Student: 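Mind looking over this structure? Questions follow.
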Amino acid sequence: MRNFGLKLLLTIAFLVSATFAAFIQSPIPPSTKQNFFWDKDGNGQMDCISIQFLGNLSEEYLKQMVDSLTFDWIDTAGVSVHYNVPKNRIKLDEANFRILIVDLTSLQKGFLALTSLGALEYSKSSYGNVNLYLADKTVYPISMGDQMAPFITDARLKSFRGAGTDSLRVHWTEPVTVVEGCESFLEMKSAKDGSVHSLRPSMVHWDPWRKGSVVEFSQNVPLNMHPTTRDSIRFLPQCASDTNGVLVLANSRFYPLTGFYPFEINVPSMVKDISKSAPAAEAIFQLTFQPLEQVVNADTSWEISMDVMGEEFENALRDALDMPENEPINPSKLKISYNVRIYTNLGTYVVGTKAVVKGDDPRFDNKAARLSLKWNFMDASHRQVNSGAYIVSLIAYVEYDGKVVFRSGSNSSSSMKVFGVIRR
């Protein structure tokens, strides 16, 4: 009888322990090589963590066993920051039951554009470390790799509008390798019509660490294939990779170009005077401040113009003055001068004027403008000129803080331009 009771107790104990064992699960350790930081949206900022385990997981396991996850990452100020992710933001990968996914898109705006765990600039910082905490106080330090493709961090263009060799200086987040078989590794999106095409430069100069290059476009490259400062560029998908072989994907973001065109004065070469006789009291020359986007009818309007202020103009000033790229331009120190004289083709004086504008002139309205000096086809005696060839002597100055940074017409011949007037 005693033996029967002992057996009964042992049986009950076994059944109870087996029942509890059904609810108590053993920890499944993570892999040591298949854990990654991702940049899913291709903007250069880490936005996802994936951790692979040595066995299949379940929603029940995730609910009972996983407590939280912590990691260190570099913020936009370049400082290593410790982040804590609660269990409700850790999800099971629907495509692979061995992988947990941590979506960090809500935090990525605070992350630096960083796609390499070995960036020399941050080698003294502790970042990229991940710890997984289980409910039973088990802690797994997890070794991570990166699946983040390189991303452009700076792109500066120096354009000569087809009059010289344009150069595009580009920097990115980590060393880049061009995939064998690709004729180009950059592509451009046009600001004009949104079209995208690969860039085919005449020359590429790589820096020693392959973290940047200077891309040149000679005059032999068609002008419509040159980038402009209003366009944007990115790595050509599948044609560039980092040193781990991570390829740039099709969703990589385009990076806007900065830079400048050289100072340039626009002068028409042939115009038709379709206006009626102007009143004698009307000003012969009129200074206007037009939006850069405004289209001028060069066939019927004679005016000299220069695009003034705005990012491109200010960058050209900085380049001419050897100023730091981010140093602000003081408009009160800027002065633009026009000196115009018009002659017949026989050298007879017709009319002339001078105009001086300061950069803080309220007519700029704190915006970039096309500063134009328009002529109404009248001579100094307020009489309409005849059809024929004319010569304009034009000298334009751009001065900053008393220093001349641009002068159109460095000698008498180059300051003289011939144009034609056709009267209706």
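Predicted model only: the values in this text are computed from it and were never measured.
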Student: Between Tyr127 and Tyr122, what is the ring plane arrangement, given parallel below 30°, perpendicular above 60°, and tilted in between?
Tutor: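 Aromatic pair Tyr127/Tyr122 classed perpendicular.
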Student: Taking C-beta and beyond as the side chain, do Trp302 and Val392 meet within less than 4.5 Å on heavy atoms?
Tutor: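 With C-beta onward as the side chain, the pair touches.
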Student: Do the side chain of Ser184 and the main chain of Leu199 share a donor and acceptor less than 3.5 angstrom apart?
Tutor: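 Yes; at least one donor-acceptor contact below 3.5 Å.
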Student: How close do Val130 and Ile51 get, heavy atom to heavy atom, and via which atoms?
Tutor: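 The answer is CG1-CD1, 4.3 Å.
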Student: For the pair Arg253 (side chain) and Gly42 (backbone), establish whether a donor and an acceptor sit closer than 3.5 Å, ignoring hydrogens and angles.
Tutor: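 Looks like no, no N/O pair under 3.5 Å.
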Student: Tell me yes or no: between the side chains of Thr115 and Thr173, is some donor less than 3.5 Å from an acceptor?
Tutor: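 A pair is found: one side chain offers a donor N or O, the other an acceptor, under 3.5 Å apart.
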Student: How about Phe217 and Leu168: do any of their side-chain heavy atoms sit closer than 4.5 Å?
Tutor: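 SC-SC contact between Phe217 and Leu168 confirmed.
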Student: How long is the gap from OG on Ser387 to NZ on Lys272, to the nearest 0.5 Å?
Tutor: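 Those atoms lie 11.0 Å apart.
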Student: Do Asp361 and Arg363 meet the salt-bridge criterion of a basic N to acidic O distance under 4.0 Å?
Tutor: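 So Arg363 pairs with Asp361 through a salt bridge.
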Student: Roughly how far, to the nearest 0.5 Å, is CG of Asp67 from NZ of Lys137?
Tutor: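 Result: 6.5 Å between the selected atoms.
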Student: Atom OG1 in Thr70, atom CG in Leu132: separation rounded to 0.5 Å?
Tutor: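 Rounded to the nearest 0.5 Å, the OG1-CG separation comes out at 9.0 Å.
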Student: If you measure from OG1 on Thr228 to CG on Leu257, what distance do you get to the nearest 0.5 Å?
Tutor: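 If I round to the nearest 0.5 Å, the distance is 7.0 Å.
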Student: Would you please indicate yes or no on a ring centroid separation below 6.0 angstrom for Phe263 and Phe313?
Tutor: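 Centroid separation for Phe313 and Phe263: below 6.0 Å.
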Student: Are there more than 12 heavy atoms of other residues, nucleotides or ligands under 6.0 Å from atom CZ of Arg230?
Tutor: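 No, not enclosed.
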Student: Given 3.5 Å as the limit, does a donor-acceptor pair link the side chain of Ser190 with the main chain of Lys192, or not?
Tutor: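 Here the side-chain-to-backbone pair exists.
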Student: Determine whether the aromatic ring centres of Trp73 and Tyr83 lie less than 6.0 Å apart.
Tutor: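 Centroid distance Trp73-Tyr83: not below 6.0 Å, so no.
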Student: With side chains defined as the heavy atoms from C-beta onward, is the minimum distance between Leu334 and Leu317 less than 4.5 Å?
Tutor: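 SC-SC contact between Leu334 and Leu317 confirmed.
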Student: So that I can tick it off, tell me whether Asp154 and Arg169 are bridged by a salt bridge, with the cut-off set at under 4.0 angstrom between side-chain N and carboxylate O.
Tutor: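 Yes, this pair counts.
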Student: Name all residues meeting the side-chain hydrogen bond (donor to acceptor under 3.5 Å, both in side chains) criterion together with His82; count only those two or more places apart in sequence or in a different chain, and write none if there are none.
Tutor: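 In terms of side-chain hydrogen bond (donor to acceptor under 3.5 Å, both in side chains), with neighbours along the sequence ignored, His82 is linked to Asp72.
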Student: What heavy-atom pair brings Asp146 and Ser116 nearest, and what distance separates the two atoms?
Tutor: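 Minimum heavy-atom separation between Asp146 and Ser116: OD2-CA, 4.1 Å.
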Student: Hey, does Lys40 have a side-chain heavy atom less than 4.5 Å from the side chain of Cys48?
Tutor: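 A side-chain contact under 4.5 Å exists here.
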Student: Short question: side chain of Ser213, backbone of Val215 - any donor-acceptor pair under 3.5 Å?
Tutor: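 Between the backbone of Val215 and the side chain of Ser213 there is no qualifying donor-acceptor contact (under 3.5 Å).
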Student: Has the side chain of Arg318 got a donor or acceptor atom that lies under 3.5 Å from a matching backbone atom of Glu327?
Tutor: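 At least one qualifying donor-acceptor pair exists.
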Student: Is a donor from one side chain sitting under 3.5 angstrom from an acceptor on the other, for Asn251 and Asp41?
Tutor: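 Asn251 vs Asp41: no donor-acceptor pair found between side chains.
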Student: If only atom types and distance count, is the side chain of Asp47 paired as donor or acceptor with the main-chain N or O of Gln108 below 3.5 Å?
Tutor: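 Pair absent, no side-chain N/O of Asp47 close to backbone of Gln108.
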Student: Tyr349: which residues meet the ring-ring contact (aromatic ring centres under 6.0 Å, His included) condition with it, sequence neighbours left out?
Tutor: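 If we apply the ring-ring contact (aromatic ring centres under 6.0 Å, His included) test to Tyr349, skipping adjacent residues, the hits are Tyr343.
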Student: Take a 6.0 Å sphere around CG of Asp193 and say whether it holds more than 12 heavy atoms from other residues, nucleotides or ligands.
Tutor: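 Count over threshold, so yes.
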Student: Only distances under 3.5 Å count here; give the side-chain donor-acceptor pairs of residues 93-104 to other protein atoms, sequence neighbours excluded, each with its distance to 0.1 Å.
Tutor:
| from | atom 1 | to | atom 2 | distance (Å) |
| --- | --- | --- | --- | --- |
| Asp93 | OD1 | Ala95 | N | 3.0 |
| Asn96 | OD1 | Arg98 | N | 3.0 |
| Asp103 | OD1 | Thr105 | N | 3.0 |
| Asp103 | OD1 | Thr105 | OG1 | 3.0 |

Student: Quick one about Ser167 and Glu216 (side-chain donor to acceptor, distance below 3.5 Å, no hydrogens or angles considered), yes or no?
Tutor: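 The answer is no; no qualifying pair exists.
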Student: Under a 4.5 Å cut-off applied to non-hydrogen side-chain atoms, are Phe37 and Ile49 in contact?
Tutor: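 The answer is yes, as the side chains (C-beta and beyond) meet within the 4.5 Å cut-off.
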Student: Where is the tightest heavy-atom contact between Val351 and Met378, given as atom of each residue plus distance?
Tutor: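 Reported closest heavy-atom pair: CG1-O, 3.8 Å.
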Student: Return yes if a side-chain donor-acceptor contact under 3.5 Å exists between Ser301 and Glu303, otherwise no.
Tutor: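 Note: Ser301 and Glu303 side chains meet the donor-acceptor criterion.
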Student: Heavy-atom count check: over 12 atoms from other residues, nucleotides or ligands less than 6.0 Å from Asn366 CG?
Tutor: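 For Asn366, atom CG is not crowded (no more than 12 foreign heavy atoms under 6.0 Å).
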Student: Specify the closest pair of heavy atoms between Phe406 and Ile265, including all atoms of both residues, with the distance to one decimal.
Tutor: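 Nearest heavy atoms, Phe406 then Ile265: CE2-CG1, 4.2 Å.
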Student: Report the distance from atom CG of Leu346 to atom CD1 of Ile391, rounding to the nearest 0.5 Å.
Tutor: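 Reported to 0.5 Å precision, the distance equals 8.5 Å.
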Student: Between Met306 and Val398, is any pair of side-chain heavy atoms under 4.5 Å apart?
Tutor: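 Side-chain contact under 4.5 Å: yes.
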Student: For atom CE of Met203, is the number of surrounding heavy atoms from other residues, nucleotides or ligands below 6.0 Å larger than 12?
Tutor: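 No, because the 6.0 Å sphere around CE of Met203 holds 12 heavy atoms or fewer from other groups.
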Student: So, does Asp39 use its side chain to make a donor-acceptor pair with the main chain of Gly44 at under 3.5 Å?
Tutor: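 Flag set: sc Asp39 to bb Gly44 pair under 3.5 Å.
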Student: Going by ring-ring contact (aromatic ring centres under 6.0 Å, His included), name the residues that satisfy it together with Phe185, two or more places apart in sequence or in a different chain.
Tutor: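 Result, ring-ring contact (aromatic ring centres under 6.0 Å, His included) vs Phe185: Trp206.
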Student: Please name all residues satisfying ring-ring contact (aromatic ring centres under 6.0 Å, His included) with Phe151, sequence neighbours left out, ordered by chain then number.
Tutor: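 Expected list: none.
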Student: So that I can tick it off, tell me whether Glu311 and Arg156 are bridged by a salt bridge, with the cut-off set at under 4.0 angstrom between side-chain N and carboxylate O.
Tutor: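 A salt bridge is absent here (no side-chain N lies under 4.0 Å from a carboxylate O).
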Student: I'd like to know if the side chain of Asn129 reaches the main chain of Phe71, judged simply by a donor and an acceptor atom lying under 3.5 Å from each other, with no hydrogens or angles considered.
Tutor: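 No, the answer is negative, given that no donor and acceptor are paired below the 3.5 Å cut-off.
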Student: State the CD1-OG distance between Ile233 and Ser198, to the nearest 0.5 angstrom.
Tutor: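 Rounded to the nearest 0.5 Å, the CD1-OG separation comes out at 12.5 Å.
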Student: Does some side-chain heavy atom of Leu57 sit less than 4.5 Å from a side-chain heavy atom of Leu62?
Tutor: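 Of all side-chain heavy-atom pairs linking Leu57 with Leu62, none is under 4.5 Å.
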Student: Would you indicate whether the side-chain heavy atoms of Ser393 and Val340 approach each other to under 4.5 Å?
Tutor: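 No, every pair of side-chain atoms sits at 4.5 Å or beyond.
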Student: State, without any angle test, whether Gln290 and Thr288 hold a side-chain donor-acceptor pair at a distance under 3.5 Å.
Tutor: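 Thr288 and Gln290 do have a side-chain donor-acceptor pair below 3.5 Å.
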Student: Would you name the heavy atoms of Tyr390 and Asn386 that are closest together and state the gap between them?
Tutor: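 Heavy-atom minimum between the residues: OH-O, 2.6 Å.
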Student: Look at the side chain of Lys335 and the backbone N and O of Ser332, then say whether any donor-acceptor pair between them is shorter than 3.5 Å.
Tutor: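 Flag not set: sc Lys335 to bb Ser332 has no pair under 3.5 Å.
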Student: Would Asp166 and Lys158 count as a salt bridge (charged side-chain N to carboxylate O under 4.0 Å, His left out) here? Give the steps.
Tutor: CA-CA 6 Å; Asp166 293 352; Lys158 181 183 289 189; over 6 Å; no
Student: Is any side-chain N of the basic residue among Lys211 and Glu174 closer than 4.0 Å to the acidic one's carboxylate O?
Tutor: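 Result for this pair is no, no salt bridge flagged.
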Student: Partners of Phe364 by ring-ring contact (aromatic ring centres under 6.0 Å, His included), sequence neighbours excluded?
Tutor: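 Here the qualifying residues are Phe289.
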Student: Test your reading of the model: is there a side-chain donor-acceptor pair from Thr229 to the backbone of Gly259, 3.5 Å cut-off?
Tutor: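 Here the side-chain-to-backbone pair does not exist.
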Student: Between Ser337 and Val356, which heavy-atom pair has the shortest distance, and what is it?
Tutor: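 Here Ser337 and Val356 meet closest at OG-CG2, 3.9 Å.
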Student: Please find out if less than 6.0 Å separates the ring center of Trp375 from that of Phe377.
Tutor: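 Centroid separation for Trp375 and Phe377: below 6.0 Å.
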